[in-house]
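Some notes on the structure that comes next.
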Amino acid sequence: MTDAAVAAPVSADSRKAGRFVYVSAVVLLCAWVIVPIYFLTINTLSSPDTVNSFPKPFFPEFDLGSLTFFANFSGMLTALKNSILVAGMTMIMSILIGAPAGYALSRFDFRGKELFRLLILLTRAFPLPLLALPLAVMFIQTGLDDTTFGLALVHTTLAIPFAVLITFSLFSGIPIELEEAAWTLGCTRLTAFTKVVLPLILPGITASAIFAFVISWNEVFAAAVLTIENRTLTAFLLQSLDTSPLHLKFAGGFILVVPALIFIFAVRKYLFAMWGIANR
């Protein structure tokens, strides 16, 4: 028997084993993500009595009792309103700051440009708890403590790196020749941007804004440390975690998770485009 004849079955078995490991890993990863969301949805759409009973149901009753209890819980709607307000301000400020920075990175060359892009992303690796005490002291001194605007500033800082990198990729996908053609027709850089570039990248800008909204919507540490009376939904749920009933926890988790999932699904392709992957 030749070496080639022996190697062929071994190679085929290796490919089958590798495929099996790959499929198993994908199935486990999907189950790890989907199963908790599935049971969260079931318990949210079931009555409070069913949620607190055992064993848990595998199919929802489509009872809105838990959501009704969530809406009527003292302070919950105020916290939900604060979350929407803070996330909205974060979305606007991150785009107003991040989009011009992304445009500058895309259109101008300077020394250390690639390192600067990397440093922008590495700012998200800096642990927020280390900044908790300095931020709290600074906010108290400036009067921004326990305000939705002050919390939106912190969330904007967290969202700006992604806004810069996503918009950089979007602007890089627009040929500079389009702007140069507009310049030759009498447009200034600003009018060429607003009339030529902006309409082309507006869907991507919207996706970047939605991603900033999700970052603020899910953030809990800064909201818990920097607010007391004006807590967001995440901080409010954390505050009442030990005393709130089980069906309230499921309903609160559902309200937090579902919008984030929808928004992330809407902007998923732009996340892969942060380093220009989608443009190659």
Side-chain angles (χ1 to χ4, degrees), residues 84-126 128 131 135 138 142 144 147-219 222 263-264 266-280:
I84 296 174
L85 182 61
V86 171
M89 289 190 290
T90 300
M91 179 176 64
I92 294 173
M93 289 190 292
S94 64
I95 292 302
L96 289 179
I97 299 173
Y103 180 82
L105 283 173
S106 173
R107 291 296 187 253
F108 302 102
D109 291 324
F110 54 89
R111 181 177 298 178
K113 177 179 177 179
E114 295 300 321
L115 178 61
F116 181 70
R117 288 178 57 196
L118 180 61
L119 291 176
I120 290 176
L121 187 59
L122 287 179
T123 57
R124 290 293 287 116
F126 196 84
L128 186 59
L131 298 176
L135 278 175
M138 183 183 69
T142 57
L144 291 174
T147 62
T148 54
F149 179 71
L151 184 58
L153 289 177
V154 178
H155 289 179
T156 300
T157 304
L158 299 177
I160 280 179
F162 294 105
V164 172
L165 294 177
I166 292 175
T167 54
F168 163 77
S169 178
L170 294 172
F171 288 123
S172 298
I174 305 299
I176 186 64
E177 289 78 12
L178 293 178
E179 290 185 81
E180 293 174 346
W183 298 342
T184 60
L185 296 176
C187 291
T188 63
R189 181 177 288 274
L190 179 60
T191 55
F193 174 80
T194 56
K195 294 182 178 180
V196 178
V197 179
L198 186 59
L200 295 176
I201 55 96
L202 191 58
I205 292 290
T206 303
S208 179
I210 291 174
F211 187 64
F213 186 96
V214 172
I215 291 176
S216 174
W217 182 262
N218 289 329
E219 201 282 328
F263 292 155
I264 290 296
V267 304
R268 65 193 187 282
K269 68 177 181 179
Y270 297 102
L271 301 182
F272 292 105
M274 282 196 301
W275 293 102
I277 298 174
N279 299 322
R280 294 178 183 176

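This one's a predicted model, so the numbers in the text were calculated from it and none came from an experiment. Heavy atoms only: backbone and side chains are in, while hydrogens, waters and symmetry mates are out.
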Distance, nearest 0.5 Å, that separates CE of Met91 from CG of Leu96: 10.5 Å

Shortest non-hydrogen contact from Trp217 toward Ile84: CZ3-CG1, 3.7 Å

All salt bridge (Lys or Arg N to Asp or Glu O under 4.0 Å) counterparts of Arg189, not counting sequence neighbours: none

Contacts of type side-chain hydrogen bond (donor to acceptor under 3.5 Å, both in side chains), residue Thr188, not counting sequence neighbours: Thr191

Where Ile166 and Ser208 come nearest, the two heavy atoms and their spacing: CG2-CB, 4.0 Å

Ile97 CD1 to Ile92 CD1 distance, which is reported to the nearest 0.5 Å: 12.0 Å

Sequence-distant partners of Ala212, side chain to side chain contact (heavy atoms under 4.5 Å, CB included), two or more places apart: Ser94, Ala159

Sequence neighbours excluded, every pair satisfying side-chain hydrogen bond (donor to acceptor under 3.5 Å, both in side chains) that has a member inside residues 150-159: His155-Ser216, His155-Glu219

For Phe162 against Ile215, the heavy-atom pair lying closest together: CD1-CD1, 3.6 Å

Distance-minimising heavy-atom pair for Ala181 and Thr184: O-OG1, 2.6 Å

Considering all heavy atoms, the nearest Thr167-Ile205 contact: CG2-CD1, 3.6 Å

Side chain to side chain contact (heavy atoms under 4.5 Å, CB included) against Ala192, all qualifying residues, sequence neighbours excluded: Ala182, Trp183, Cys187

Parallel, tilted or perpendicular: ring planes of Phe171 versus Phe193, cut at 30 and 60 degrees: tilted

Using atom types as modelled, flag every donor-acceptor pair under 3.5 Å from a side chain in residues 147-154 to any protein atom, sequence neighbours excluded.
unit_1	atom_1	unit_2	atom_2	d
Thr147	OG1	Leu144	O	2.6
Thr147	OG1	Gly150	N	3.1

Pairs where residues 169-179 contributes a residue and the test salt bridge (charged side-chain N to carboxylate O under 4.0 Å, His left out) is met, not counting sequence neighbours: Arg107-Glu179

Pairs where residues 196-217 contributes a residue and the test salt bridge (charged side-chain N to carboxylate O under 4.0 Å, His left out) is met, not counting sequence neighbours: none

For Leu200, side chain to side chain contact (heavy atoms under 4.5 Å, CB included) partners two or more places apart: Ile174, Leu178

